[in-house]
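Order of listing sets the numbers, starting from 1, for every ligand and every atom in it.
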Amino acid sequence: MGYLFGPVLSRRLGLSMGVDLLRHKTCNLDCIYCELGRTDCLTCGRGRFVPPQKVLGEIREKRNEPFDYLTFAGSGEPTLSQDLGRVVAFAKETVSRPVAVITNSTLLTSPAVRKEVAAADIVLPSLDAASPAAFQAINRPDPGLKIEEIIQGLKEFRREYSGEIWLEVMLVAGINDHEADLIARAAESTEPDRIQLNTVVRTPAEPVRPLSEEEMVRMLEIFPGAELIPDWDWRVPVDIRNRILDSLCRSPSTLEEICRLHDLTDSDAIKYCKILEHDGLITRRIEGGKLCFLGSKSRGRG
Ligand code: SF4
């Protein structure tokens, strides 16, 4: 069994090599929008879910593969692993790229967890609610968790940590958007470097409704200075799709080359490659230590 996965194309982190310290769906939340489905193991107890030596071995093996960030994420909430601090510390010594931790913020109430997470170069916590009712509705937490304490934990973490904090807020229509102003105030009070607004696009745990593009743009007035992770439009414009496919069928290209050749931002190139790869129209291989994309032999056009 592999504990590292990817690199995946991440709109927030570019090429991200994931590290998974958990068994499938181990979390202290059961978010209605979770792409992994319902939480099988709802727990607030930290434990050992995978053999740490094997994870360290895989980090050593894959340290020279092409990726921008080594990212602790995966099958649930990474801070539930009692090995997180040790593995992050090893990764920092072993890998020359920055180390990121994605967390649902809940265990940042613990000084010990804050210390472990603070060894990372960048931390991406999330905050989807500011009231107990919305917390219950969107995150369906373990009964011991209190949203006020979690917000306080994020503030403590900011005081102790000088690295980058990118706070993600997931907005779901009819579930937490009515208290966007409360969430915005809570998010600002935790003083992250960036606030990134997201909405549901991939197959979630429950049939929940995303905010429209217009509604998300309006959210920028409520969250001044925030940015959108504009993933709601899960399509590739036909002319761009055809240009990318034509060029990748002639010769493989890295993400940088795709950006340059087709005049795309990093974020759009990542999004389009993700979609084309998902649809089986392009594949990947490593060439000269770089990740390249190439056109699949049989592909449909339209
Ligand atoms: S915190 Fe993350 S892994 Fe846990 S239920 Fe929510 S979205 Fe899924």
Electrostatic pair Glu93:Arg60 at N-O distance under 4.0 angstrom:
no
Quick one: does NZ or CZ of Arg97 land under 6.0 Å from the six-membered ring centre of Phe67, within 45 degrees of the ring axis?
yes
For the pair Arg158 and Glu191, find out whether any cationic side-chain nitrogen is under 4.0 Å from an anionic carboxylate oxygen.
no
Atom 7 (S) of ligand 1 protein-contacted, heavy-atom criterion under 4.0 angstrom:
yes
So ring-ring contact (aromatic ring centres under 6.0 Å, His included) across residues 246-284, not counting sequence neighbours, yields none
Hits for salt bridge (Lys or Arg N to Asp or Glu O under 4.0 Å) against Lys92, two or more places apart or cross-chain, chain-then-number order -> Asp121
Of all residues at least two apart in sequence or in a different chain, which pass the salt bridge (Lys or Arg N to Asp or Glu O under 4.0 Å) check with Asp83?
Arg48
Which atoms of the protein, restricted to N, O or S, are nearer than 2.8 Å to atom 4 (Fe) of ligand 1?
Cys27 SG
